[in-house]
Amino acid sequence: METLFATPQFIHHGAVNGVTGSCHEYRLANNYGVLIDCGLFQGAESSGAADGAGSAGSPQINFALQHIKALIVTHVHIDHVGRIPYLLAAGFNGPIFCTIASATLLPLVLEDALKIGVTKDAKLIAAFLAKVLRLLVPCEFNCWTALPALGDAAPTLRFQPAGHILGSAYVELRHNTLAKQHYKTVFSGDLGAPYAPLLPSPKSPYAADTVVIESTYGDRLHDNRKERIKRLEQVLLHALQDNGTVLFPAFSIGRTQELLYELEALVHRLRGQAIHQGLRWDELQIIVDSPLAAKFTQAYDALKSRWDKEAKQRVQQGRHPLSFAQLHTVDSHAQHLALVHYLASTRQPAIVIAASGMCEGGRVVNYLSALLPDPAHQVVFVGYQARGTLGAKIQHYGPKGGYVDIDGSRIHIGAEIITLSGYSAHADQQGLLRFVLGMRKRPQQVRIVHGDNEAKQALQQAFKQHGVNVVIASDDAL
Ligand SMILES: [Zn+2]
């Protein structure tokens with residue numbers, strides 16, 4: 001028998017003392033809860049070292065599941081969905097709610113994650129994906145959908161565009177509590193930056209009683225987009241002077257497509273102009289070396305109807321922002337290895353985009369092993385590097401002429417390491433504030449999750465200055 005709580009409870013199973021492993025439990029009754037995301041821990045957070053909480057970083061599901069009635073997925077980044085295989089293995093058999101675009105993308109992401117981290121057994125993978133497909137409930141944006149029944153509480157959910165990656169959403173949850181009809185909580189998921197290319201920026205919810213908000217960049221303000229594009233142009237001009245490869249470690253989903261979009265714009269604007277004597281912008285080879293990224297680029301391309309105004313205008317002008325002439329994709333592993341060898345030995349000028357974004361695995365690792373020792377090459381970071389990841393180590397030790405260990409080999413870093421910090425798929429402090437302050441009816445409470453300590457505290461201070469009641473969520477908080 002379910003006993004409805006007077007106000008819902010929050011239990012955080014990840015992304016509370018860091019930015020990865022997003023998994024929040026929303027408890028409506030003693031025997032009724034839903035999960036919002038079920039992501040994998042990465043970097044230092046995957047060992048539990050980040051918070052000293054022992055098994056906190058393990059992918060195994062270490063919390064009770066009997067009362068969990070549904071999983072709600074905000075978007076398909078691995079740090080929000082990567083523990084789904086473990087969730088199913090632990091016995092979860094409820095519906096998985098997500099947006100229609102996420103439902104298309106999720107099987108691709110999980111297949112990739114399983115192959116890299118769990119098993120290469122095609123039968124096992126197929127059986128697992130078939131189960132995920134059976135549980136998926138794809139939802140339209142901006143439509144209320146019923147959650148599993150809970151008497152008169154009548155819980156429902158609604159997805160709204162978050163502008164972070166294709167299909168990404170923040171989620172509104174509504175139910176009747178003993179004290180209030182239509183008690184509403186918003187989980188922000190990851191919110192996009194307002195000027196991010198391709199996707200419309202997120203709009204504030206109308207009202208909520210509680211908002212659970214991410215704080216990845218809660219202590220930063222991003223450069224505006226014009227400055228960012230200018231900096232990208234300057235970095236490339238500088239990097240390509242001595243030829244060599246400019247390597248962008250990037251998330252396959254979202255960041256790769258944003259980069260391609262910006263690179264197409266650069267090449268379009270500077271067509272015919274010289275980078276140096278022997279190389280024009282329109283001769284520059286741009287390579288996406290990630291089969292997953294290539295699949296996602298196709299998915300982005302197919303969903304043009306969801307693009308923002310600027311991107312649609314480019315298409316109307318006859319341009320192909322994500323499939324332009326100089327763009328090449330590398331598919332097979334043999335091709336990939338040949339290309340790494342070719343670029344390392346010839347120093348042919350090229351831009352390579354490869355996953356994973358934090359260099360924790362994937363093809364980018366082979367590029368780093370081969371290119372890092374040579375000063376002719378550059379590695380450009382355009383995304384958040386979680387503590388303890390190879391990406392964070394390269395970012396830290398590279399500019400000091402240090403070294404990193406990759407697959408047991410010590411690699412001295414000769415290549416130039418550049419961080420383009422203005423590039424982010426996450427809202428900055430202004431964007432996060434605007435999300436809440438722009439609401440017609442302000443929430444009674446804002447709960448901050450998904451950030452490092454400094455970011456959470458800075459965001460908390462900023463909210464307080466605007467008179468918002470705000471708490472930083474902790475592991476054991478209810
Ligand atoms: Zn994300």
Side-chain angles (χ1 to χ4, degrees), residues 12-16 18-24 35-43 45-46 71-84 98-99 101-106 108-110 112-113 159-171 186-194 196-202 212-218 220 222 249-259 290 292-293 296 299-300 306 355-362 381-387 389 391-392 421 423-428 431-432 435 448-452 455:
H12 305 284
H13 302 298
V16 60
V19 300
T20 68
S22 244
C23 185
H24 309 292
L35 291 181
I36 291 85
D37 292 334
C38 199
L40 210 57
F41 296 97
Q42 289 170 314
E45 295 168 12
S46 64
L71 167 67
I72 299 163
V73 169
T74 61
H75 67 290
V76 302
H77 271 152
I78 203 73
D79 56 332
H80 290 255
V81 298
R83 270 192 284 169
I84 292 179
C98 64
T99 65
S102 288
T104 331
L105 303 175
L106 186 62
L108 299 176
V109 176
L110 291 178
D112 194 64
F159 290 106
Q160 299 284 9
H164 172 63
I165 60 165
L166 193 68
S168 68
Y170 65 83
V171 59
V186 169
F187 285 86
S188 75
D190 287 354
L191 292 171
L198 279 167
L199 297 172
S201 53
V212 180
I213 196 163
E214 65 128 328
S215 59
T216 315
Y217 284 125
R220 293 194 214 171
H222 298 328
F251 269 129
S252 306
I253 318 154
R255 180 54 43 80
T256 293
Q257 292 75 26
E258 286 179 14
L259 269 173
S290 155
L292 187 65
F296 277 109
Y300 263 76
R306 300 240 179 254
S356 70
M358 299 189 200
C359 310
E360 281 294 89
F381 288 101
V382 286
Y384 192 87
Q385 304 300 310
R387 284 168 295 164
T389 56
S421 59
Y423 257 89
S424 176
H426 288 269
D428 62 3
L432 296 168
F435 184 74
I448 297 178
V449 294
H450 199 287
D452 291 329

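As the structure is a computational prediction, the values presented were derived from the model and not from experiment. Just so you know, ligand 1 is whichever comes first in the structure, and atom 1 is the first atom listed for that ligand.
Checking each of T74, D79, V81 against H77 for a side chain to side chain contact (heavy atoms under 4.5 Å, CB included) leaves exactly one that passes, namely D79.
No other N/O/S atom of H77 lies as close to the Zn ion (ligand 1) as ND1 does. The N, O or S atom of D190 lying closest to the Zn ion (ligand 1) is OD2.
The main-chain N or O of V382 is found under 3.5 Å from a side-chain atom of R255 such that the two form a donor-acceptor pair.
Between H164 atom NE2 and H75 atom NE2, the angle centred on the Zn ion (ligand 1) amounts to 100° (nearest 10°).
Proximity of the aromatic rings of Y170 and F159 is defined here by a centroid distance below 6.0 angstrom, and this criterion is not met.
A donor atom on one side chain and an acceptor atom on the other are not found under 3.5 Å apart for D37 and H24.
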